[in-house]
Amino acid sequence: MADLRVEINKLKLDNPVLTASGTFGYGHEFSDYIDLNRLGGYLVKGTTLHHREGNPYPRMAETPSGMLNAVGLQNKGVDYFIENIYPICSQYSSKAIVNVSGSCIDDYVACTEKIAALDKIEAIELNISCPNVKQGGMAFGTCPKSAEDVVAAVRKVYPKTLIVKLSPNVTDITEIARAAEAAGADSVSLINTLLGMAVNAETRKPILSTVTGGLSGAAVKPIALRMVWQTYKSVKIPVIGLGGIMNATDAIEFLLAGATAIQIGTANFIDPQITVKVVDGINEYLDRQGCKSVNEIIGGLIL
Amino acid sequence: MADLRVEINKLKLDNPVLTASGTFGYGHEFSDYIDLNRLGGYLVKGTTLHHREGNPYPRMAETPSGMLNAVGLQNKGVDYFIENIYPICSQYSSKAIVNVSGSCIDDYVACTEKIAALDKIEAIELNISCPNVKQGGMAFGTCPKSAEDVVAAVRKVYPKTLIVKLSPNVTDITEIARAAEAAGADSVSLINTLLGMAVNAETRKPILSTVTGGLSGAAVKPIALRMVWQTYKSVKIPVIGLGGIMNATDAIEFLLAGATAIQIGTANFIDPQITVKVVDGINEYLDRQGCKSVNEIIGGLIL
Amino acid sequence: MIKKNVLDMIVIDNQELSNNYFLLKLAPVDSSQSLPYAEAGQFVEIRVDKSPTTFLRRPISINFIDFDNNELWLLIQKIGDGTKALSQLKISDTLNIIYPLGNSFGLPEAQKSKLVLVGGGVGVAPMLYLGKVLFEKGYTPDFLLGFRSSSDIVLMDEFKKYGNVHITTEDGSFGEKGYVTNHSLLNEPIQKIFTCGPKPMMMAVAKYAKENSIECEVSLENTMACGFGVCLCCVEKTTEGHVCVCSDGPIFNIEKLTWQI
Amino acid sequence: MIKKNVLDMIVIDNQELSNNYFLLKLAPVDSSQSLPYAEAGQFVEIRVDKSPTTFLRRPISINFIDFDNNELWLLIQKIGDGTKALSQLKISDTLNIIYPLGNSFGLPEAQKSKLVLVGGGVGVAPMLYLGKVLFEKGYTPDFLLGFRSSSDIVLMDEFKKYGNVHITTEDGSFGEKGYVTNHSLLNEPIQKIFTCGPKPMMMAVAKYAKENSIECEVSLENTMACGFGVCLCCVEKTTEGHVCVCSDGPIFNIEKLTWQI
Ligand SMILES: Cc1cc2nc3c(=O)[nH]c(=O)nc-3n(C[C@H](O)[C@H](O)[C@H](O)COP(=O)(O)OP(=O)(O)OC[C@H]3O[C@@H](n4cnc5c(N)ncnc54)[C@H](O)[C@@H]3O)c2cc1C
Ligand SMILES: Cc1cc2nc3c(=O)[nH]c(=O)nc-3n(C[C@H](O)[C@H](O)[C@H](O)COP(=O)(O)OP(=O)(O)OC[C@H]3O[C@@H](n4cnc5c(N)ncnc54)[C@H](O)[C@@H]3O)c2cc1C
Ligand SMILES: Cc1cc2nc3c(=O)[nH]c(=O)nc-3n(C[C@H](O)[C@H](O)[C@H](O)COP(=O)(O)O)c2cc1C
Ligand SMILES: Cc1cc2nc3c(=O)[nH]c(=O)nc-3n(C[C@H](O)[C@H](O)[C@H](O)COP(=O)(O)O)c2cc1C
Ligand code: FES
Ligand code: FES
């Protein structure tokens, strides 16, 4: 039984297994399947200042070893979260992290300020990489300058752990990571979804109402792993790795490539118990490899 | 029996089915499996001015619905091609297109000049997107300025059909496509492989000798399709689509998204007869849909 | 809320019914475990292990539960790779399901006039279990089942156990010719209609119900990624905005929908 | 060059041998088609259809061809998902192979002293067919087969039909204890060694051969994407630079390799 504790700046996690925003609801939806307290933490769904209806149906297309989504940040807004969800989150010992989205800097800031007031939320994840909204979202995350601006603005109002979630739809993700770091981010998480598209040949129509959507799932793992490795080598703040993690072995690969913690997204849809299986699998691996702490393998890739 | 003929600038193809460079050898290796003359054409393996040994073994890792390769342009050089392969290519009526690579502009130009002298080679594909070589390769294809420079230099010495192969590892592929167009490209083909990585958790080592490699196969199809669609809308020259095409339906999706021709890569490894099956499948589709010519569906996505 | 279970099931029967329908009968692998209760209209999410092109689970309605024999029945149409792989399952193969999911049909307090259960094609699936539940409440449901042709008709003998069965076929090869909405049964007094089937059929049924002020519930089949309300992919636009078909549905009263009927 | 064929095959037998080896016997689906000729040392590429994690074909050596009965035998070790899916094939399942691929063992003009066929673990696979081919030339091969333990030993009766069989086990539970390179057979005059097995074993055998000036061919198992010389993924560094194991090999004379032995 190895020591699984990791730290993302001030945020102390019992283990490195988190869930990816937008794939885990508000967490409590999984209470029939797993003991939520066994997770290091969970990212609640993308939260915006105001209520958002999201994009029209259809929003999903299955692809080889993956899926496209075009949810478009449907959520009831930050006030709804505070009133109705926060009290539930507070019942779990596992750390809830709020994924904050916005269409302009002011919205990000206003939303963050409200979350900052919540005692039991020790960290936020700033989503500057959503490919499914017309304004803001990914636009912030594909250019170092705008990434820096939004992170700096949020940093001013947020004293707790600030994680910035990066888009993979860029030429050089390390450039954006360094911009986030320079603007005061405590950690970067990557990757959000890759922009993709699906077509129905018979009807000649796009499958998604929005034509393009975000690709996630096993298919993206090689790309995510590469980006985590590149980013790990180019920033000093801890990296949180995600993208296509389907089992414990995948998670371990991300830890070896430099991730201090990992997030599980799409895999929750296929196996709603996968998160705790990954916690167990990491434990077994560390025992098998004779490691006393998970920190021994973080970034431990042998070249 | 619909009319399958398409044109890529001066290059006239009997049908839109081509093969992707590096996945089809020099073509004749498939003569046991298929009648090569049934293809629109085939892209011969990446050819450089000088002989290249490529990267050390291991060069391949299987990934979910895809694979990573790190071949690194192993080839015997353009003179070898001219002496030993060109005579074989000339026996087929199907068009051979040479994929030209280099590590500096002079090499691209010198290699192109030699190919330009070959009567039966009516087109080249300029590979400015190989992720597996240290110098040149993808570096040319991830910045509009350098893409423009190399395309312009080659354009000067190459009067026949010049196709430029684009890298998907960029923030905005249409920007690079427009740069290639501005520099005189007759067509752009996309996508080359996505930069990825694979790790062996038990040994803690990267699987590829080069750590990172290029991702291809079904997994990348949604990304490729999206890029083809974006590029189709933003340039006037014909687009050649590829990336994860595994069957006729996939090929048709690319045609609908705006590809005038398509290339089949990794799928050749799994079914060496797939190319002719795709030709047949496109034909059946057009008949079923009551189309007289394949040109009726190119870019025919209904929004 | 009924607890959702992730269950390993064993195939105890897999029968090719007419044309491309098959009936899959499952029991818990652990035979000492009895199938938890589920309500009519709920569905399961099946993990399809041996189909390389099937990444996500597949939602399938509960066709029938035989609690005495601890059997779960699923009536499935071969559509694509996922359902084809399921059709090839052999006795004693195992598969993993999430069970039960979604809301359920609203059962009336008392039967006043006809309760009509309209199923079209594979949409007849949830009607069998619903019919049984109604039957056990002492009601007499009327099944109105529409098929392409006589060769598509499935589970007739089962439906007959729980109510009156009325059939339409598009080609007239059995029962009344035409669509379910043309069937003479609809001329009689109806208390409530429950329907599942192709969207155009459900819209026609909903239209009929609306015009005749009959209460009507439909079972939607929006494409799903998770099946339990966390991905927000399966949404239907309702009078209350986007709601999840998998968790707020799949059963909706037509009054809540924004269908243009 | 032998023509490469893409063949649909039917499983006529799939036997679990010891531990995690199994023997898959295949025949052309079209039973009027006879298996084309293949040489000893060649391999096939199998498409694994029912394993979602297996994207590429899997290379497997020809273990034996029974031309009289039109049977192709493959001896396979369960390693990962692909080979596990193959181990679950049932009689009359079909699968698609590319056949035959690669070069072949170099057969001596005449037998002068011992021809030793050294196989380790699943590396014994190609030795059976090679033994048969040598036997039919009138030679008497000596099989030197190394296993972990007596429970791993496979196909003994088959090997005995074509030559003398010598066994080593690492735990000494059968035959001589230790590795193949320690076996007493190697003290006798040897004309040529053919070997296939884990790389450390082949290197030890190659070293022995080199030191004793015995001609030696090894069968390599570099990871492959295509299997027929077009992807350049499977390369081995040789005295002539990078060559493809799938098309220039898998059989190499050790003189051509750059192994540090
Ligand atoms: C709540 C619910 C209950 C269901 N109950 C049953 C049932 O009892 N029996 C049954 O046979 N089926 C049922 N279905 C439908 C079933 O889930 C699909 O037929 C199945 O997922 C198809 O999987 P596949 O892999 O075979 O086909 P795929 O390869 O996924 O699809 C083949 C083709 O059909 C289209 N398609 C598939 N599913 C849908 C959909 N839901 N909406 C629109 N287009 C679609 C795809 O776009 C594709 O073109 C239900 C669906 C839902 C949401
Ligand atoms: C020419 C040739 C002939 C072969 N003949 C036989 C044979 O007759 N019988 C037989 O059982 N096997 C044979 N093999 C090996 C066989 O191809 C592999 O065991 C098989 O591909 C594994 O597939 P899998 O999906 O079960 O495992 P995978 O999931 O692909 O692999 C499981 C693990 O084993 C490792 N691994 C798999 N294959 C190799 C390899 N070639 N080199 C290094 N590591 C590897 C992987 O990295 C992974 O860690 C041969 C290989 C070659 C190249
Ligand atoms: C249905 C769906 C909804 C998502 N919603 C969000 C979101 O609201 N905010 C966010 O930052 N990422 C969102 N994502 C992206 C995931 O958090 C994650 O970055 C991505 O899916 C890659 O991880 P995976 O391959 O493990 O799923 C969403 C992904 C999916 C599939
Ligand atoms: C083994 C391998 C070698 C490749 N070599 C080249 C090459 O030499 N030149 C090139 O432009 N692209 C090369 N590619 C990229 C392919 O041509 C193609 O762009 C890519 O594989 C995506 O298509 P696919 O998914 O259909 O394979 C190679 C791809 C593979 C898998
Ligand atoms: S399918 Fe995920 S919320 Fe309904
Ligand atoms: S495996 Fe493709 S060249 Fe050998």
Side-chain angles (χ1 to χ4, degrees), chain B residues 19-34 42 44-46 51-76 132 198 207-209 213-214 216-219 244 246 265-274 277, chain D residues 1-8 36 44-49 51-59 79-83 95-101 199 220-249 257-259:
Chain B
T19 62
S21 177
T23 67
F24 206 67
Y26 289 123
H28 64 89
E29 294 91 333
F30 283 77
S31 56
D32 277 1
Y33 305 125
I34 56 166
Y42 55 97
V44 305
K45 75 170 68 152
H51 170 269
R52 284 181 62 99
E53 268 298 296
N55 293 318
Y57 178 84
R59 294 177 172 184
M60 196 279 285
E62 195 180 41
T63 68
S65 297
M67 60 173 277
L68 290 165
N69 89 79
V71 171
L73 295 178
Q74 175 179 333
N75 80 102
K76 296 199 171 130
N132 294 322
I207 293 178
L208 301 174
S209 68
S216 65
M246 305 306 284
T266 305
N268 287 301
F269 305 158
I270 296 163
D271 181 356
Q273 300 171 325
I274 189 64
K277 289 180 189 166
Chain D
M1 284 272 277
I2 299 185
K3 181 176 186 293
K4 300 185 264 291
N5 304 275
V6 182
L7 297 177
D8 284 322
V44 303
E45 279 276 4
I46 307 183
R47 203 176 68 208
V48 186
D49 286 327
S51 170
T53 53
T54 305
F55 180 65
L56 298 165
R57 286 179 184 257
R58 292 294 184 260
I79 293 282
D81 291 347
T83 49
L95 80 182
N96 184 278
I97 66 169
I98 311 180
Y99 161 103
L101 295 168
K199 190 140 182 208
L220 300 187
E221 296 200 347
N222 291 10
T223 42
M224 298 181 173
C226 70
F228 45 89
V230 301
C231 75
L232 308 186
C233 287
C234 63
V235 290
E236 178 73 17
K237 205 172 181 78
T238 68
T239 52
E240 292 156 24
H242 277 142
V243 302
C244 291
V245 168
C246 70
S247 51
D248 297 313
L257 299 176
T258 56
W259 289 0

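Everything quoted here is computed from the prediction, not taken from an experiment. Below, read A as the first sequence line, B as the second, and so on, with proteins coming before strands; counting in each chain starts at 1.
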Residues B:Thr63, D:Phe55; criterion side-chain contact (heavy atoms from CB on, under 4.5 Å); working and verdict: CA-CA 8 Å; B:Thr63 68; D:Phe55 180 65; over 6 Å; no
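- Heavy-atom distances place no part of B:Ala219 under 4.5 Å from chain D, backbone and side chain included.
- Proximity to chain D (any heavy atom under 4.5 Å) is shown, for B:Tyr26, by neither the backbone nor the side chain.
- Counting heavy atoms from C-beta on, the side chains of B:Pro272 and D:Arg57 come closer than 4.5 Å.
- Screening B:Phe269, B:Tyr33, B:Phe24 for a ring-ring contact (aromatic ring centres under 6.0 Å, His included) with D:Phe228, the sole residue that qualifies is B:Tyr33.
- With rounding to the nearest 0.5 Å, the separation of CD in B:Glu62 from CG in D:Asp81 is 9.0 Å.
- For the pair D:Leu232 and B:Arg59, the tightest heavy-atom approach, listed with the atom from each and the gap, is O-NH1, 2.7 Å.
- Heavy-atom pairs under 4.5 Å with chain D were tallied for B:Ala61, B:Gly66, B:Gly54; the largest tally goes to B:Gly66.
- Distance check, rounded to the nearest 0.5 Å: CE of B:Met67 to SG of D:Cys233 gives 4.0 Å.
- More than 12 heavy atoms of other residues, nucleotides or ligands shown are found within 6.0 angstrom of NZ on B:Lys277.
- One finds the CD1 atom of B:Ile270 at 11.5 Å from the CG atom of D:Asn96 (value rounded to the nearest 0.5 Å).
- With sequence neighbours left out, B:Tyr57 forms a side-chain contact (heavy atoms from CB on, under 4.5 Å) with D:Asn222, D:Thr223, D:Val235.
- For B:Glu53, the parts lying near chain D are the backbone and the side chain together; criterion is any non-hydrogen pair under 4.5 Å.
- Heavy atoms closer than 4.5 Å to chain D are found nowhere in B:Ser31, neither backbone nor side chain.
- The minimum heavy-atom distance linking B:Asp32 with D:Ile2 is given by the pair OD2-O, 4.0 Å.
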